[in-house]
Amino acid sequence: MAPPPAGLVLVALLALVLALALAPAPARGDKPARGGASSSIAAGAETEPSSAVFPLYGDVYPHGLYYVAMNIGNPPKPYFLDVDSGSDLTWLQCDAPCRSCNEVPHPLYRPTKSKLVPCVHRLCASLHNGLTGKHRCDSPHEQCDYVIKYADQGSSTGVLINDSFALRLTNGSVARPSVAFGCGYDQQVRSGDLSSPTDGVLGLGTGSVSLLSQLKQRGVTKNVVGHCLSLRGGGFLFFGDDLVPYQRATWTPMARSAFRNYYSPGSASLYFGDRSLGVRLAKVVFDSGSSFTYFAAKPYQALVTALKDGLSRTLEEEPDTSLPLCWKGQEPFKSVLDVRKEFKSLVLNFASGKKTLMEIPPENYLIVTVNIAYPDGLFYQRR
């Protein structure tokens with residue numbers, strides 16, 4: 001998750017997909033795509049763009065992230081990447097050698113000097129301009145170094161390299177495009193995080209260095225990304241337009257941002273059920289790298305007030321040492337779906353589209369734990 005400009009409102013992409021996407025997640029072994037004779041597409045080969053589909057792993061609670069398995073290198077080896085639409089750079093922890101790395105699921109990626117991207121390369125300039133707004137290259141023989149920082153105070157320092165990504169496409173072929181990504185040899189994480197469930201980050205922002213943009217530039221897939229998530233966790237991620245749900249979906253144009261390569265529909269009015277809260281979110285950003293949804297102080301207080309005013313007498317507030325708001329029902333909640341009868345939906349009404357509404361039902365912003373309902377998706381990090 002890239003750091004947002006001051007005052008920006010972040011809305012987790014999870015809520016968007018759960019509210020709007022209708023295609024079911026594929027079961028293990030299912031093929032949610034068109035069949036066809038298997039063939040191989042070499043890097044740079046001319047071909048008709050297709051789509052790629054990846055199983056998603058993880059959940060909002062208790063893991064707090066979604067990730068995919070990507071096959072990288074020659075021969076290809078699997079790596080787990082944290083899906084992040086809020087940043088551009090895809091990177092792996094790597095042995096360059098590694099100065100500071102977490103314990104990760106797979107052996108560290110090992111680069112070679114022949115795969116280094118020079119600082120004069122256009123993707124190096126794009127990367128630096130997206131991170132700092134400045135690009136300096138004193139010699140064409142210099143490598144492309146980078147430092148990327150995230151909103152959770154984590155960071156990665158490394159060098160840009162080129163290597164192949166093996167992608168099985170929905171037309172039955174396998175593409176192996178050469179893609180620029182980060183070789184992270186110095187990672188700084190929050191204290192106590194000694195191990196990581198992923199090997200790196202999958203950057204899906206709109207900048208030209210993002211994986212999606214590079215695949216589009218090479219003619220592998222169209223510049224479309226989407227995902228469908230299950231309430232049970234997991235789901236699938238897709239590149240290209242073969243699996244886009246064109247029916248029973250709400251559409252809104254993305255606003256161009258002067259700060260970063262965010263996916264943003266612009267401003268939105270906030271509703272709780274059918275009641276307007278009288279506040280407008282100046283800018284909404286869809287960020288799959290954040291498991292939670294964040295509001296500025298005014299809309300946050302308006303929503304908390306509406307939540308409390310709308311509660312039935314069957315719920316009572318329950319003190320908690322880590323969360324400022326929690327409630328207990330007369331009977332234990334057996335499932336997060338039980339909260340539907342007690343809480344209303346949160347609705348975002350986007351100004352950029354005519355009657356473009358995004359409904360976030362209660363089960364998408366509450367969790368049930370220890371028989372107590374906690375507002376997690378809207379306000380608070382998990383314990």
Side-chain angles (χ1 to χ4, degrees), residues 13 16-17 20-26 30-56 66-74 76 78-79 81 83-90 117 121-123 126-127 130 160-181 201-229 235-247 249 251-254 256 261-263 286 288:
L13 187 60
L16 173 72
V17 178
L20 301 183
L22 302 171
D30 288 352
K31 295 182 179 179
R34 297 191 302 266
S38 178
S39 61
S40 180
I41 302 175
E46 293 294 331
T47 183
E48 189 72 19
S50 185
S51 296
V53 186
F54 311 90
L56 272 173
Y66 285 88
Y67 62 94
V68 296
M70 288 278 182
N71 294 311
I72 303 171
N74 189 15
Y79 297 96
L81 300 180
V83 178
D84 187 10
S85 65
S87 64
D88 292 335
L89 182 65
T90 294
V117 174
H121 197 283
R122 62 175 183 82
L123 287 180
S126 173
L127 173 62
L160 203 64
I161 60 174
N162 255 308
D163 209 340
S164 62
F165 277 56
L167 306 173
R168 184 169 295 279
L169 304 179
T170 60
N171 62 11
S173 64
V174 176
R176 295 181 175 84
S178 181
V179 173
F181 61 96
V201 170
L202 179 63
L204 297 178
T206 62
S208 58
V209 76
S210 80
L211 178 62
L212 190 66
S213 297
Q214 292 189 65
L215 293 180
K216 189 263 182 182
Q217 194 272 333
R218 285 159 177 73
V220 178
T221 68
K222 292 186 178 179
N223 200 18
V224 176
V225 62
H227 60 62
C228 292
L229 307 178
F236 65 92
L237 172 79
F238 62 89
F239 301 156
D241 62 350
D242 290 341
L243 276 76
V244 175
Y246 287 100
Q247 294 183 343
W251 301 90
T252 185
M254 292 290 106
R256 293 191 175 276
N261 300 317
Y262 289 131
Y263 293 100
F286 298 134
S288 66

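Note that the structure is predicted; figures quoted are calculated from it, not measured. All heavy atoms count here, side chains included; hydrogens, waters and symmetry mates do not.
In this structure, Ser164 contributes its side chain and Gly73 its backbone to a donor-acceptor pair below 3.5 Å. Although no hydrogens or angles enter the test, the distance criterion places no donor-acceptor pair under 3.5 Å between the side chain of Ser50 and the main chain of Leu169. When atom types are taken as modelled, the side chain of Asp84 and the backbone of Leu202 share no donor-acceptor pair closer than 3.5 angstrom.
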Does the pair Leu243 and Phe236 meet the rule for a side chain to side chain contact (heavy atoms under 4.5 Å, CB included), with working shown?
-> CA-CA 11 Å; Leu243 276 76; Phe236 65 92; 3.5 Å; yes
Dump the intermediate steps for side chain to side chain contact (heavy atoms under 4.5 Å, CB included) on Thr221 and Phe238, then the final yes or no.
-> CA-CA 10 Å; Thr221 68; Phe238 62 89; over 6 Å; no
Taking it one step at a time, do Leu89 and Val201 satisfy side chain to side chain contact (heavy atoms under 4.5 Å, CB included)?
-> CA-CA 8 Å; Leu89 182 65; Val201 170; over 6 Å; no
Report the C-alpha distance between Phe54 and Met70 in whole Å, list the side-chain angles of each, state the deciding distance to 0.1 Å, and finish with yes or no for side chain to side chain contact (heavy atoms under 4.5 Å, CB included).
-> CA-CA 8 Å; Phe54 311 90; Met70 288 278 182; 3.7 Å; yes
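Across all their heavy atoms, Ser173 and Asn171 have their closest contact at OG-OD1, 2.6 Å. Across Phe286 and Ser85, no two heavy atoms sit closer than the pair O-OG, 3.3 Å. Taking each heavy atom of His121 and Leu123 in turn, the nearest pair found is ND1-N, 3.0 Å. When all heavy atoms of Val68 and Pro55 are compared, the closest pair comes out as CG1-O, 3.6 Å. Summarising the geometry of Thr206 relative to Ser213, their closest heavy-atom pair is O-OG, 3.7 Å, with the distance given to 0.1 Å. Across every non-hydrogen atom of Leu167 and Pro177, the tightest pair is CD1-CG, 4.3 Å.
Take Tyr79 and apply the ring-ring contact (aromatic ring centres under 6.0 Å, His included) test, not counting sequence neighbours, and it matches no residue. For Lys216, there are no salt bridge (charged side-chain N to carboxylate O under 4.0 Å, His left out) partners at least two apart in sequence or on another chain. In this view, Ser126 and Ser208 satisfy the side-chain hydrogen bond (donor to acceptor under 3.5 Å, both in side chains) rule, not counting sequence neighbours.
Counting only heavy atoms from C-beta outward, the side chains of Asp241 and Tyr246 approach each other to under 4.5 Å. The side-chain heavy atoms of Leu237 and Val225, taken from C-beta on, include a pair separated by under 4.5 Å. Counting only heavy atoms from C-beta outward, the side chains of Leu211 and Phe165 approach each other to under 4.5 Å. The shortest distance between side-chain heavy atoms of Val220 and Phe239 does not fall below 4.5 Å. Between Ser288 and Leu204, the closest side-chain pair of non-hydrogen atoms is not below 4.5 Å.
We find the CD1-CZ distance between Ile161 and Phe181 to be 3.5 Å, quoted to the nearest 0.5 Å. Taking CD of Gln214 as the reference point, atom OG1 of Thr90 lies at 7.5 Å (rounded to 0.5 Å). Atom OG of Ser178 and atom CZ of Arg218 lie 6.0 Å apart (nearest 0.5 Å). Note that CG of Asp163 is 8.0 Å distant from CD1 of Ile72, once rounded to the nearest 0.5 Å.
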